[in-house]
**Student:** 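Sending over a structure as structure tokens; questions will come in a sec.
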2 protein chains.
Amino acid sequence: MLKFDKNCCRHEAEVFKALGHPTRLWIVKQLADGQEHCVCEFVEAVGIRFATMSQHLAILKNAGLIIDDKRGKQVFYRLTCPCILPVIQCLGEKRQE
Amino acid sequence: MLKFDKNCCRHEAEVFKALGHPTRLWIVKQLADGQEHCVCEFVEAVGIRFATMSQHLAILKNAGLIIDDKRGKQVFYRLTCPCILPVIQCLGEKRQE
DNA sequence: AAAATATTTAGTTATATTACAAAATAACAG
DNA sequence: CTGTTATTTTGTAATATAACTAAATATTTT
């Protein structure tokens with residue numbers, strides 16, 4: 001007999017929700033090699049406003065996927081756990097065109 | 001230099017988006033042992049309407065995560081790839097309370 | 001201290017998601 | 001064929017998300 005607990009998957013689902021946007025998934029992939037990148041790099045590459053990028057980064061941070069490091073005027077982001085790449089690739093391949 | 005291609009992550013992100021809802025993540029977990037379950041079992045356990053459950057299942061199916069098998073009046077769902085469980089657990093643990 | 005740069009926060013609007021009710025299908029039972 | 005059961009589809013309303021602009025904050029440069 002299946003049993004559903006309303007709260008059981010709520011926090012976990014946040015992680016997947018955070019990855020469920022093209023821009024955010026792309027950001028995580030850029031960081032997957034363990035390197036860090038600055039907000040302005042993302043803004044330039046994606047072509048959206050700073051404010052929008054900042055929100056996306058906040059969502060990823062809140063999901064526990066990335067952490068930030070402020071140095072001078074710039075903020076650098078990196079993955080909390082760079083081992084995430086193979087996992088993301090494995091899931092990403094599930095979708096058939 | 002980072003380079004963003006608008007379409008590159010769109011399909012992949014669909015998979016994560018599909019998992020980014022408590023009910024849907026729970027469904028996938030119930031199927032993770034490779035067993036199949038019928039729609040009515042999910043409806044009973046979660047306590048939402050048939051129509052709503054059907055929509056959730058359609059999203060998971062469209063993401064390529066589950067497939068259905070109609071037998072008589074009932075429809076049974078199972079994972080396309082039961083190996084998904086460790087992957088989901090690995091990602092789900094990322095989130096700090 | 002004032003100006004400039006990098007980023008975040010707040011407020012707003014368009015769009016997407018979620019859940020429901022009601023109607024439509026499909027398979028089976030009488 | 002008629003009614004019943006299981007599920008999907010369609011239409012709708014409430015809520016959430018995503019992008020933008022403008023304002024706020026923090027750090028460096030002048």
Side-chain angles (χ1 to χ4, degrees), chain A residues 2 4 6-28 30-31 36-63 65-78 95, chain B residues 2 4 6-28 30-31 36-63 65-78 95:
Chain A
L2 303 180
F4 179 71
K6 205 174 179 183
N7 292 322
C8 93
C9 295
R10 230 174 45 199
H11 291 302
E12 256 181 281
E14 284 295 314
V15 179
F16 294 100
K17 203 151 94 177
L19 293 169
H21 186 286
T23 300
R24 293 195 295 265
L25 186 53
W26 176 83
I27 291 169
V28 169
Q30 303 317 298
L31 300 171
E36 61 179 17
H37 289 281
C38 142
V39 182
C40 56
E41 292 181 79
F42 292 135
V43 169
E44 192 190 351
V46 177
I48 55 175
R49 299 300 160 113
F50 250 100
T52 306
M53 181 56 74
S54 191
Q55 280 169 191
H56 282 309
L57 291 166
I59 289 167
L60 288 170
K61 185 181 168 183
N62 198 250
L65 290 164
I66 62 175
I67 43 177
D68 57 343
D69 181 21
K70 182 161 195 173
R71 293 203 299 275
K73 281 181 289 191
Q74 302 186 116
V75 179
F76 294 86
Y77 282 90
R78 66 190 150 82
R95 182 95 199 299
Chain B
L2 303 179
F4 179 70
K6 205 174 180 185
N7 293 322
C8 93
C9 295
R10 230 173 48 197
H11 290 302
E12 257 181 280
E14 284 295 315
V15 179
F16 294 99
K17 201 150 96 178
L19 293 168
H21 186 286
T23 300
R24 291 194 296 262
L25 186 54
W26 176 84
I27 290 169
V28 168
Q30 303 318 297
L31 300 172
E36 61 178 18
H37 289 282
C38 141
V39 182
C40 57
E41 291 182 81
F42 293 135
V43 169
E44 192 189 351
V46 177
I48 56 176
R49 298 301 160 114
F50 249 101
T52 307
M53 181 55 75
S54 190
Q55 280 170 191
H56 282 308
L57 291 166
I59 288 166
L60 288 170
K61 185 180 169 184
N62 199 248
L65 290 163
I66 61 175
I67 43 176
D68 57 344
D69 181 21
K70 182 160 196 174
R71 293 205 295 278
K73 279 182 290 191
Q74 300 188 114
V75 178
F76 294 86
Y77 282 90
R78 65 190 151 82
R95 180 97 200 301

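Proteins come first, then strands; the chains are lettered A, B, ... in the order of their sequence lines, and each starts at number 1. Please read all numbers here as calculations on a predicted model, not as lab measurements.
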**Student:** Distance-only criterion, 3.5 Å: show the donor-acceptor pairs between side-chain atoms of residues 18-28 of chain A and protein atoms not counting sequence neighbours.
**Tutor:**
unit_1  : atom_1 : unit_2  : atom_2 : d
A:His21 : ND1    : A:Thr23 : N      : 3.1
A:Arg24 : NE     : A:Ala18 : O      : 2.7
A:Arg24 : NH1    : A:His56 : ND1    : 3.0
A:Arg24 : NH2    : A:Lys17 : O      : 3.4
A:Trp26 : NE1    : B:Lys3  : O      : 3.2

**Student:** Which letter, B, S or -, goes with each nucleotide of nucleotides 5-14 of chain D from 5' to 3', with contact meaning a protein heavy atom under 4.0 Å?
**Tutor:** BSBBBBB---

**Student:** Can you name the side-chain hydrogen bond (donor to acceptor under 3.5 Å, both in side chains) partners of B:Glu36, sequence neighbours left out?
**Tutor:** B:Arg71

**Student:** Can you sort out which residues in residues 12-25 of chain B have a heavy atom within less than 4.0 Å of DNA chain C? Ascending by number, please.
**Tutor:** B:Lys17, B:His21, B:Arg24

**Student:** In whole angstroms, how far is the C1' atom of D:dC20 from the NE2 atom of A:His56?
**Tutor:** 12 Å

**Student:** First and last nucleotide of DNA chain C in contact with chain A, 5' to 3', at under 4.0 Å to a heavy atom: what are they?
**Tutor:** C:dT5 to C:dG11

**Student:** Please report the interatomic distance CD1(A:Ile67) to OH(A:Tyr77), rounded to the nearest 0.5 Å.
**Tutor:** 11.0 Å

**Student:** Can you name the side-chain hydrogen bond (donor to acceptor under 3.5 Å, both in side chains) partners of B:Glu12, sequence neighbours left out?
**Tutor:** A:Lys29

**Student:** Quick check for you: to the nearest 0.5 Å, what is the distance between B:Leu65 atom CG and B:Leu57 atom CG?
**Tutor:** 11.5 Å

**Student:** For A:Arg78, check side-chain hydrogen bond (donor to acceptor under 3.5 Å, both in side chains) against everything at least two apart and list the hits.
**Tutor:** none

**Student:** How many Å lie between CG on A:Asp69 and P on D:dT27, as a whole number?
**Tutor:** 13 Å

**Student:** Ignoring hydrogens and angles, write down the donor-acceptor pairs under 3.5 Å from the side chains of residues 37-49 of chain B, residues two or more places apart or on other chains.
**Tutor:**
unit_1  : atom_1 : unit_2  : atom_2 : d
B:His37 : ND1    : B:Glu41 : OE1    : 3.1
B:His37 : ND1    : B:Glu41 : OE2    : 3.4
B:Glu41 : OE2    : B:Cys38 : N      : 2.9

